[in-house]
Amino acid sequence: ASHGGRPPRGAMRALLTLAAGASAPLVVQAASLRRALIDAAEQRLNVWYRDDANLEAPKERDGVMFRLSKEDKACGGNGVPLSFMEFDVEDARPVDVLNTLVDVQRQTTWDLTNTKAHFLGDMELLQARGWAAIFHVNGLPVADREVFEWQFAQANFSTQEFWVIYSSLQNDELLQKQPPDAGSTLMQNCLGAYKIMPGPKGTHVLMTQQINTHPWPLDARSVVSTSWGKSVDWVNAFRTESAKQAALGWNASNVTLPRWMLEDRPCGATPADVELRNSMLAHARTALADAQGAESSKQLPGGGTLRIWRRSAACGGCGVSSATVPAWRAEFQVAGVEPEDVFNALVAKGAEHEWNSRLVRAGVSGYHSGARGVHEEFQPPEVAFHKWAPRELWEWQAANHTAHNRSYILALASATAPTSERFSSGSATAVQCLAAYEISPAGANATSITLTQHLNPNVGALSFFRFLWNFVGEQLLVDFASGLAGRAVQLRASRDRAAAEGGVVGVDGGALGLLAPPPPDRNASSTVASALAAPNTKALLATFAAIDLPSALNTSGFAPRDFARLAADVAALFSGELHSAATDEERAAFARGAAADEVLLQLQGEALATLQWRVLQNVTRDMCNSDIPDINNNKGAGGLPLMLLAGVGVSAVALLVACVTCVCCRCWRKRRAARALAEQRLLHSVDATCQPGEAA
């Protein structure tokens, strides 16, 4: 039996009483593992269990009915019986029973056989959780049993009917997450299913287990049949825990499982949520292409011309009243740099204060819908001899890179509400309706930048003095363009130095998360190193598909040696199985081998991200259409029945006694014969020394 992925502790104990485990199949193809197992559970409990012809006579105790299947079914290479238990849990609602059953780690506090339970992680793609658990029976000279299994669930809150499934089928991924315990024997739980529903006395539970604990020399049927009382003991302990859960008084819809486990979803690779990102980038492209308004030009201090277009448009939000303010568009070029240099200079908001004198400070926060949170504080210039208080912005930042033409688009727009505490208590809130930048090659060794800025600095009535703001705005654009150009040139020089001498450049490690938002359900334990260490191609691709690439390739704070090691690993990963699946464009990012600096590693990360999505689609297609072995197939049991084994034992003892008796009799006869021979020799000796006529 099983709970939290294992046999009901009682049945578990039963199977463990003399040994343990194995893994087996199912009868649903071209479906997700979750759907296949739920279908098999419904067939087994709603149909198969209802036919008495399939079952042995019931046993009952403490309001628990226990039955075994007449035939053994395939599981883990042997035939094992299907066990069924049906019982009520009084004074507990179905949701309380559900929460007790799925709390695997808590079971170690009330199930005496379950000594360890380790959470192996969520797999949202499979709508499953992974668990490893160890079971032990005190006082018996048998090894502990360990099971690696998936946990699935289905819920109908309207009818209060819940299904919980545990299975060790297709658990290779779980076995890769941690090695089995050195002192335990692996067992398999082919199908542990629990149907939880309202009953006349609270909650009614119907459950089945199909477990191979490998109890050789006994067969599984003997173990389960003779220790069914232990399963009833587990039910009683489970009832007590369910009552404790009910006493907490949780809402009837409050469950400890995540909602994504409970609902039916289409099986397949889930793309990243990039709705906000796409919306911002679409807005940015439209604004960047709109060269309307009054045109002027300014000379940049470092050389070159800044072309400027100005028009007026309303801007407001985030608690700031709408006002008609300048909407700027500008174009300029920077010589001696590549587009990726300018992009990385511009995207790093946390370091912008180093080259933008108006920015006091800025910080970045988490990602949402493909965009990253930005909080910045800037100091407006004096206007009409008035010094303004600092302004603060809470924005979303989004970015895109088109590899074939090496162009970038970067956009910032205010969030609907502040996402963090203020930097300064005396500051005011401004609103950024849109700041967008297009960065692209401009001939040989030069980069073109087109920008648009539509900022409401929240200056009240002074916003109507447009001639003042127009003058100030143009100068701010000149300062901004000049500072960005200088920063890009510095970054280019640092990259050249790193290529020649080694070292790190120091770029925004979170930029890859903007350029290639990762799909959901990333596995923190999957890394470039673990993919390289995979034992075979299938495992390599599965591990690679689960890597959070933006996190794995974030080199913030790396020492030169650490960066060089990661860069070499990334190149090695691509040069193997992935190279043959890559496009020419993806291969181009690796043309020079290991990345010499963080910017090149970022470009390689983008190539890996597009390749990863294709691999992920293939991996999930296999998961969704995998053939599950048939666990309903009749199969002979391994080991001997208990009575036969007992008979063999009695016969062996009788034979041993007979052998010992025979040996003892033989030894006694030998000793008797030896004694007689010794007596004869003694008499002969006396006769020889006392002949007639020799007396005195």
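All figures in this text were calculated on a predicted structure; none of them were measured in a lab. Residues take their numbers from the sequence shown, with the count starting at 1.
- Every residue two or more places apart in sequence or in another chain that forms a salt bridge (charged side-chain N to carboxylate O under 4.0 Å, His left out) with Arg93 is listed here: Asp96.
- Donor-acceptor pairing under 3.5 Å is recorded for the side chains of Ser420 and Trp394.
- Note that CD of Gln604 and CZ of Phe590 are 4.0 Å apart. Values are rounded to the nearest 0.5 Å.
- Ion pairing between a basic and an acidic side chain is recognised when a charged N comes within 4.0 Å of a carboxylate O; Arg372 and Asp508 show such pairing.
- In this structure, Asp88 does not pair ionically with Lys201, as no charged nitrogen and carboxylate oxygen lie closer than 4.0 Å.
- For the pair Arg522 and Glu124, the salt-bridge criterion is not met [side-chain N within less than 4.0 Å of a carboxylate O].
- Side chains of Gln397 and Arg277: no donor on one and acceptor on the other come within 3.5 Å.
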Sequence neighbours excluded and cut-off under 3.5 Å, please list the side-chain donor-acceptor pairs for residues 526-537, or say none.
residue, atom, partner, partner atom, Å
Thr527, OG1, Ala529, N, 3.4
Thr527, OG1, Ser530, N, 3.0
Thr527, OG1, Ser530, OG, 3.3
Ser530, OG, Thr527, N, 2.8
Ser530, OG, Thr527, O, 2.9
Asn536, OD1, Lys538, N, 3.3
Asn536, OD1, Ala539, N, 2.7
Thr537, OG1, Glu577, OE2, 3.3

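- Side chain of Asn400 to main chain of Ile409: no donor-acceptor pair is present (N/O by atom type, distance under 3.5 Å, no hydrogens or angles).
- A salt bridge links Arg34 to Asp264: at least one charged side-chain nitrogen sits closer than 4.0 Å to a carboxylate oxygen.
- Within the 6.0 Å centre-distance limit, the rings of Phe162 and Phe157 are counted as a close aromatic pair.
- Using a cut-off of 4.0 Å between Lys/Arg side-chain N and Asp/Glu carboxylate O, Arg67 and Glu86 are scored as not salt-bridged.
- Ion pair Arg265/Glu263 flagged as a salt bridge, since at least one NZ, NE, NH1 or NH2 atom sits closer than 4.0 Å to an Asp/Glu carboxylate oxygen.
- Using bins of under 30°, 30° to 60° and over 60° for the plane-to-plane angle, the ring pair Phe119/Trp131 lands in the tilted bin.
- A distance of 10.5 Å separates CD of Gln617 from OG1 of Thr270, quoted to the nearest 0.5 Å.
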